[in-house]
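Just so we're clear, the structure is a prediction, and the values are computed from it rather than from any experiment. One-based numbering along the sequence shown.
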Amino acid sequence: MSKNIALITGVTGQDGSYLSEFLLAKGYEVHGVIRRSSVDYRERIAHLEGTPNFHLHYADMVDSMSLVKLVGSVQPTEIYNLAAQSHVQVSFDAPEYTANADAVGVLRVLEAVRTNHLEKTCRIYQASTSELYGKVEEVPQNEKTPFHPYSPYAVAKLYGFWIVKEYREAYDMFCCSGILFNHESERRGETFVTRKITLAAARIAQGKQDCLYLGNLDSKRDWGYAKDYVQCMWLMLQQEKAQDFVIATGVQHTVREFATLAFHHAGIELKWEGEGVNEKGIVTLGPAELIGKTVVAVSEDFYRPTDVVNLWGDPTKAKTELGWNPQTTTFEQLVELMVRHDMAKVASEDAAAKVRKMNLAEYLEKGIVK
Ligand code: NAP
Ligand code: GDD
């Protein structure tokens, strides 16, 4: 039996870390792409480093030659192209880089496979996104819903989607896109709205932050659990035919609802007053010193030039053809597990800070640090 060899771009990200764990548990040899950074600590995959079947290599989505050489030396049977500048708001600030990494980067991966003559032996998964639906033309969205990208990020990802489809048809390659709706976890980047909220709720509950500033509270998302979603990426590559799939829970909530539930799990009940930029989340129940205080406020800094406000996925095709359960982890369970994680994280950060302070005091005393 031939060996399963996976190459994951974006291995240090939220999805890359869960996918690595998933594939290693299935007996894959896993190769991950990392890029040079001044900080060497790779938090999400630190626990995997040193595992016999887990290997890391330097390359970059904006460097064709590095990808060609890497694909040639690893000879993967599956590539999961997860690497991207993945923050929608940042794509307005760095649109050219976003296009280079998220659009042309996909082409570079496809060409790296062709250059190494692996078209017939290597299957490719492309991390596409519900952001393609953007200024939505239909609710809920399925595989047939027209695209209307509404940010530089989404426009770049649209190129990625179409070039994958083109290579599938032109060169008969097994390559497909997962149109994934928002998926979150304890490992979610801290500037995405869910994690920003769960960390702030934990800090406010523990007296370490006064107020959380958010942008559009009315924005609606279909939020799932990242750990459940990486299974679909793998399932898509195990099918007889390469096809694109919508991966979503089929349930939609607003940012306000996410925040209300997150604060609830942190022991704080909120009521909402005001509208638009004047809306506030005020504490009605919780620690005595917080009652009546505003702990959530709106800041225009987090408004986007164009915002996608109504994402809601229809996962029927994934359910019937992949046999996947979109409700493995519910919205309620997702919010609870993220808050529970961040309550512990914030508490332990404090303990670590105390130890650091003690060490510093000791060093000062000994004259090691001036
Ligand atoms: P993430 O946590 O932001 O991770 C992105 C990964 O891409 C990181 O490993 C990052 O490396 C890497 N990367 C960025 N630019 C690179 C470059 N030029 N060369 C090499 N690597 C680069 O994102 P995620 O949430 O795991 O999402 C994974 C993929 O799915 C992304 O393509 C994202 O756009 C897409 N997606 C995500 C969601 C979601 O809700 N999470 C939904 C739909 C689609 P560093 O660690 O060095 O920064
Ligand atoms: N980040 C952020 N910060 N978003 C906020 C805030 C805030 O303070 N306040 C409100 N929002 C709103 C945004 O305007 C957006 O409508 C929504 O919350 C979700 O924002 P993000 O969590 O940043 O995620 P996203 O939906 O823009 O993008 C994520 O999901 C896409 C799939 O739909 C990313 O993971 C993308 O990579 C992914 O493709």
Participant: On the ring face of Phe192, is Arg188 found with NZ or CZ under 6.0 Å from the centre and within 45° of the axis?
Facilitator: yes
Participant: Counting N and O atoms only, with roles assigned by atom type, does the side chain of Arg195 sit under 3.5 Å from a partner on the main chain of Gly189, one being a donor and the other an acceptor?
Facilitator: no
Participant: Between atom OG of Ser20 and atom CG of Leu24, what is the distance when rounded to the nearest 0.5 Å?
Facilitator: 6.5 Å
Participant: Of all the heavy-atom pairs spanning Pro149 and Ala154, show the shortest one and how long it is.
Facilitator: CB-CB, 3.6 Å
Participant: For Ala242 and Arg168, which heavy atoms make the closest approach, and how far apart are they?
Facilitator: CB-CD, 3.7 Å
Participant: With no hydrogens and no angle check, do the side chains of Gln89 and Tyr153 hold a donor and an acceptor under 3.5 Å apart?
Facilitator: no
Participant: Which distance, rounded to the nearest 0.5 Å, do you find between the CD1 of Ile8 and the CE of Met233?
Facilitator: 9.5 Å
Participant: So do the side chains of Leu56 and Ile45 get within less than 4.5 Å of each other, counting heavy atoms only?
Facilitator: yes
Participant: Is it the case that over 12 heavy atoms from other parts of the model lie below 6.0 angstrom from the CD atom of Glu289?
Facilitator: yes
Participant: Start with the C-alpha distance between Asn100 and Arg108, add both sets of side-chain angles, then the distance that settles side chain to side chain contact (heavy atoms under 4.5 Å, CB included), and finish with yes or no.
Facilitator: CA-CA 10 Å; Asn100 199 352; Arg108 291 187 184 106; 2.7 Å; yes
Participant: Please confirm whether Lys227 makes a cation-pi placement over Tyr18, using NZ or CZ under 6.0 Å from the six-membered ring centre and within 45° of the ring normal.
Facilitator: no
Participant: For the ring pair His253 and Phe331, is the centre-to-centre distance below 6.0 Å?
Facilitator: yes
Participant: Is a donor on one side and an acceptor on the other found under 3.5 Å between the side chain of Gln327 and the backbone of Thr249?
Facilitator: yes
Participant: The test is side chain to side chain contact (heavy atoms under 4.5 Å, CB included); show your working for Arg35 and Tyr58 and say whether it passes.
Facilitator: CA-CA 5 Å; Arg35 54 181 176 161; Tyr58 283 105; 5.6 Å; no
Participant: Other residues, nucleotides and ligands only: do more than 12 of their heavy atoms fall within 6.0 Å of NZ on Lys120?
Facilitator: yes
Participant: Is there side-chain contact between Val113 and Ile124, with heavy atoms separated by less than 4.5 Å?
Facilitator: yes
Participant: Does some side-chain heavy atom of Asn142 sit less than 4.5 Å from a side-chain heavy atom of Thr145?
Facilitator: yes
Participant: Group every Ile, Leu, Val, Met, Phe, Trp and Tyr by side-chain heavy-atom contacts under 4.5 Å, then state whether Met338 and Leu261 land in the same group.
Facilitator: yes
Participant: Quick one: does NZ or CZ of Lys26 land under 6.0 Å from the six-membered ring centre of Trp234, within 45 degrees of the ring axis?
Facilitator: yes
Participant: If we ignore angles and hydrogens, is there a donor and acceptor under 3.5 Å between the side chains of His31 and Glu29?
Facilitator: yes
Participant: Let me see the working for Gln14 and Ser185 under side chain to side chain donor-acceptor pair (under 3.5 Å), right down to the final yes or no.
Facilitator: CA-CA 8 Å; Gln14 169 187 261; Ser185 73; 3.0 Å; yes
Participant: Step by step, work out the side chain to side chain contact (heavy atoms under 4.5 Å, CB included) result for Leu334 and Trp223.
Facilitator: CA-CA 9 Å; Leu334 171 68; Trp223 280 295; 4.1 Å; yes
Participant: Just say parallel, tilted or perpendicular for the rings of Tyr125 and Tyr80, cut-offs at 30° and 60°.
Facilitator: tilted
Participant: More than 12 heavy atoms of other residues, nucleotides or ligands under 6.0 Å from OH of Tyr213: is that the case?
Facilitator: no
Participant: Minimum heavy-atom separation for Ala318 to Ile247, with atom names?
Facilitator: CB-CD1, 3.7 Å
Participant: Just checking Asn325: does its CG atom have more than 12 heavy atoms from other residues, nucleotides or ligands closer to it than 6.0 angstrom?
Facilitator: yes
Participant: For residues Arg187 and Ser17, determine if any side-chain heavy atom of one lies less than 4.5 Å from a side-chain heavy atom of the other.
Facilitator: yes
Participant: Hey, does the side chain of Asn116 reach the backbone of Leu118 with a donor-acceptor pair shorter than 3.5 angstrom?
Facilitator: no
Participant: Do Leu23 and Tyr225 sit in one hydrophobic cluster, given that two such residues count as connected whenever their side-chain heavy atoms are within less than 4.5 Å of each other, even indirectly?
Facilitator: yes
Participant: Between Gln85 (side chain) and His87 (backbone), is there a donor-acceptor pair under 3.5 Å?
Facilitator: yes
Participant: Check this for me: Glu275, atom CD, are more than 12 non-hydrogen atoms of other residues, nucleotides or ligands nearer than 6.0 Å?
Facilitator: no
Participant: Under 3.5 Å, is there a donor-acceptor pair between the side chain of Arg203 and the main chain of Lys208?
Facilitator: no
Participant: Is it the case that more than 12 heavy atoms not belonging to Lys271 sit under 6.0 Å from its NZ atom?
Facilitator: no
Participant: May I ask you to decide if Ser66's main-chain N or O and Asp63's side chain share a donor-acceptor pair within less than 3.5 Å?
Facilitator: yes
Participant: Count I, L, V, M, F, W, Y as connected when their side-chain heavy atoms are under 4.5 Å apart, and connections chain through other members. Are Leu110 and Val33 then in the same cluster?
Facilitator: yes
Participant: Before giving the answer on side chain to side chain donor-acceptor pair (under 3.5 Å), spell out for Tyr167 and Glu119 the whole-Å C-alpha distance, their side-chain angles and the decisive distance to 0.1 Å.
Facilitator: CA-CA 10 Å; Tyr167 274 49; Glu119 300 97 307; over 6 Å; no
Participant: Would a 4.5 Å heavy-atom cut-off, applied to side chains only, mark Glu321 and Gln243 as touching?
Facilitator: yes
Participant: Just say parallel, tilted or perpendicular for the rings of Tyr133 and Phe147, cut-offs at 30° and 60°.
Facilitator: tilted
Participant: What about Phe174 and Val74, same hydrophobic cluster or not, with Ile/Leu/Val/Met/Phe/Trp/Tyr joined at side-chain heavy-atom distances under 4.5 Å?
Facilitator: no
Participant: Can Leu237 be reached from Leu7 by stepping across I, L, V, M, F, W or Y side chains whose heavy atoms are under 4.5 Å apart?
Facilitator: no
Participant: Between Thr254 and Glu257 (side chain of the first, backbone of the second, donor and acceptor by atom type, cut-off under 3.5 Å), is there such a pair?
Facilitator: yes
Participant: What is the distance from atom CG of Asn81 to atom SG of Cys175, rounded to the nearest 0.5 Å?
Facilitator: 11.0 Å
Participant: Side chains of Leu212 and Ile197: closer than 4.5 Å at any heavy-atom pair?
Facilitator: yes
Participant: Would you call Lys220 and Val309 a side-chain contact if the rule is heavy atoms closer than 4.5 Å?
Facilitator: no
Participant: Show your reasoning for whether side chain to side chain contact (heavy atoms under 4.5 Å, CB included) applies to Met61 and Val109.
Facilitator: CA-CA 8 Å; Met61 294 306 288; Val109 169; 3.8 Å; yes
Participant: Can you confirm if the NZ or CZ of Arg114 lies within 45° of the ring axis of Tyr171 and under 6.0 Å from the centre of its six-membered ring?
Facilitator: yes
Participant: Just by distance, do the side chain of Thr129 and the backbone of Glu131 share a donor-acceptor pair under 3.5 Å?
Facilitator: yes
Participant: Can you tell me how far the CG atom of Asp244 sits from the OG atom of Ser177, to the nearest 0.5 Å?
Facilitator: 5.0 Å
Participant: Indicate yes or no for a side-chain donor-acceptor contact from Trp272 to the backbone of Lys280 under 3.5 Å, with no hydrogens or angles considered.
Facilitator: no
Participant: Within the structure provided, determine whether Leu322 and Lys317 are in side-chain contact (heavy-atom separation under 4.5 Å).
Facilitator: no
Participant: Between Gly160 and Gln126, which heavy-atom pair has the shortest distance, and what is it?
Facilitator: O-CG, 4.5 Å
Participant: Quick one: sort the His57 and His55 rings into parallel, tilted or perpendicular, breaks at 30° and 60°.
Facilitator: tilted
Participant: Mind listing the closest non-hydrogen atom pair of Leu311 and Gln252 along with its distance?
Facilitator: O-NE2, 3.2 Å
Participant: Got a donor-acceptor contact below 3.5 angstrom from the Glu186 side chain to the His341 backbone?
Facilitator: no
Participant: Which value, rounded to the nearest 0.5 Å, describes the distance between Ile268 atom CD1 and His264 atom NE2?
Facilitator: 11.5 Å
Participant: Can you tell me how far OG of Ser91 sits from CG of Asp102, rounded to the nearest 0.5 angstrom?
Facilitator: 8.0 Å
Participant: Which pair of heavy atoms, one from Gly250 and one from Trp312, lies closest together, and at what distance?
Facilitator: O-NE1, 2.9 Å
